[in-house]
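In this text the structure is predicted, and so the values were computed from the model without any measurement. In the text below, chain A, chain B and the rest are named by the order of the sequence lines, each starting its count at 1.
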There are 2 protein chains.
Amino acid sequence: MTEMLKGTLEGIVLAILSLRPEYGYEITARLREMGFTDIAEGTVYALLVRIEQRGLVGVEKVPSEKGPPRKVYSLNAQGQAYLEEFWRTWSFLTERLDQLQKGGR
Amino acid sequence: MTEMLKGTLEGIVLAILSLRPEYGYEITARLREMGFTDIAEGTVYALLVRIEQRGLVGVEKVPSEKGPPRKVYSLNAQGQAYLEEFWRTWSFLTERLDQLQKGGR
DNA sequence: TGCCGCTATTCTGCGTTACTATGTACCGGT
DNA sequence: ACCGGTACATAGTAACGCAGAATAGCGGCA
């Protein structure tokens, strides 16, 4: 599982952010909700740093009532474009694999 | 793309081998046929070595009319089981991503 | 006041994997 | 004797997710 997540997790997080801006801890919780129960927190934060540095998301610091300030991430235009590219690649992959799974060539 | 292939390519190759035994060069050609045009030969050979060492496939050396002897790989029982596990994980992934793509949570 | 527990973020070292690039070997045709 | 296609192999590099631990801020409780 962990190996199959490589590269995909990034798209998943971007897709989540395309619905609404969220912060790291919240994203992790949402992933767990979705069934990705064993994704390490550290993984998500590292990923967020990466996509921020690549300019796919904007960040806003928001004070929290319970804990240190939250870093709220939101998808920007570049991130949106990247996400669409991700979906194209994903479709390509699923098409090939569906074909394989259905035993045919 | 290259990152999304990680872990997936292994399943793809096992799926190909589940249809019929094949050798490295042939597998590479088949991948290219399928549209994975930029997968390096070295990648496939390295992967074949890995799955052989993990005991997922059997190997038989077969002389070739044109070139060095072929190493023909075939899926064994353990590989079959692993492939099924792979499909389960894959289904899990596609379900979540379909949901995300359809704008839902 | 001091400690615990929860929320929230960050960092380091590690293992796995695919890519690039290169090298080796064997064969048939000219 | 050479060349191109067949077939396999390996060394180095980079990306990514994981485990584990550390840090910071706040509220509640004794």
Side-chain angles (χ1 to χ4, degrees), chain A residues 1-14 21-34 36-54 56-57 59-73 82 86 89 92-93 96, chain B residues 1-14 21-34 36-54 56-57 59-73 82 86 89 92-93 96:
Chain A
M1 170 90 237
T2 135
E3 281 310 324
M4 257 167 72
L5 267 182
K6 295 213 175 183
T8 312
L9 186 57
E10 188 177 287
I12 294 175
V13 169
L14 289 177
E22 288 189 4
Y23 56 98
Y25 197 81
E26 202 178 2
I27 294 173
T28 306
R30 194 171 299 287
L31 286 172
R32 295 203 199 284
E33 247 173 55
M34 290 173 68
F36 298 103
T37 52
D38 47 359
I39 288 186
E41 270 191 88
T43 299
V44 176
Y45 287 109
L47 192 156
L48 289 171
V49 168
R50 277 202 301 276
I51 61 179
E52 181 191 352
Q53 282 176 348
R54 279 200 273 155
L56 305 179
V57 290
V59 191
E60 197 191 354
K61 255 200 173 119
V62 176
S64 157
E65 331 80 47
K66 32 171 58 184
R70 297 166 174 164
K71 286 173 75 176
V72 177
Y73 294 86
Y82 187 89
F86 170 80
T89 308
F92 177 83
L93 248 193
R96 312 296 138 167
Chain B
M1 171 92 237
T2 132
E3 281 307 325
M4 258 167 71
L5 267 184
K6 295 211 175 183
T8 312
L9 185 58
E10 187 177 288
I12 293 174
V13 170
L14 289 177
E22 287 190 6
Y23 56 97
Y25 196 81
E26 201 178 4
I27 293 173
T28 307
R30 193 172 301 286
L31 286 172
R32 295 202 200 285
E33 247 174 56
M34 289 174 67
F36 298 103
T37 52
D38 47 358
I39 288 186
E41 265 192 273
T43 300
V44 176
Y45 288 111
L47 192 156
L48 288 172
V49 168
R50 278 202 299 275
I51 61 179
E52 181 191 351
Q53 281 175 349
R54 279 201 272 153
L56 305 179
V57 290
V59 192
E60 197 192 355
K61 257 202 171 118
V62 177
S64 158
E65 333 77 49
K66 33 171 56 185
R70 298 164 174 165
K71 285 175 77 177
V72 176
Y73 294 85
Y82 187 88
F86 170 82
T89 310
F92 177 83
L93 248 192
R96 314 296 139 164

Subject >> Nearest heavy atoms of Thr8(B) and Phe86(B), plus distance in Å >> reply: O-CZ, 3.9 Å

**OP:** Round to a whole Å and report the spacing from CD of Gln53(A) to P of dT10(C).
**Re:** 11 Å

**OP:** Can you see which heavy atom on Met34(A) is nearest to which on Arg96(B), and at what distance?
**Re:** O-NH1, 2.6 Å

Original post:
If you look at every heavy atom in Thr28(B) and Glu41(B), which pair is closest and at what distance?
Top reply: CG2-CG, 3.9 Å

Subject >> Note, Tyr23(A) side chain near Val62(A) side chain (heavy atom, < 4.5 Å) >> reply: no

Subject >> Span of DNA chain D, from the first to the last nucleotide whose atoms fall under 4.0 Å of chain A heavy atoms >> reply: dC16(D) to dC26(D)

Subject >> Centroid-centroid distance, Phe92(B) to Phe36(A), less than 6.0 Å >> reply: yes

Original post:
OH of Tyr45(A) versus P of dT10(C): gap in Å, rounded?
Top reply: 8 Å

Original post:
In the 5'-to-3' direction, what one-character label does each nucleotide of nucleotides 17-27 of chain C receive under the scheme B = base within less than 4.0 Å of a protein heavy atom, S = sugar-phosphate only, - = no such atom?
Top reply: BSBBB---BBS

**OP:** Find out whether Leu9(B) and Leu47(B) are in side-chain contact, i.e. whether some heavy atom of one side chain is under 4.5 Å from a heavy atom of the other.
**Re:** yes

Original post:
Rounded to the nearest 0.5 Å, how far does CD of Glu52(A) lie from CZ of Arg50(A)?
Top reply: 12.5 Å

Original post:
Below 4.0 angstrom, N of the basic side chain to O of the carboxylate: do Glu10(A) and Arg54(A) qualify?
Top reply: yes

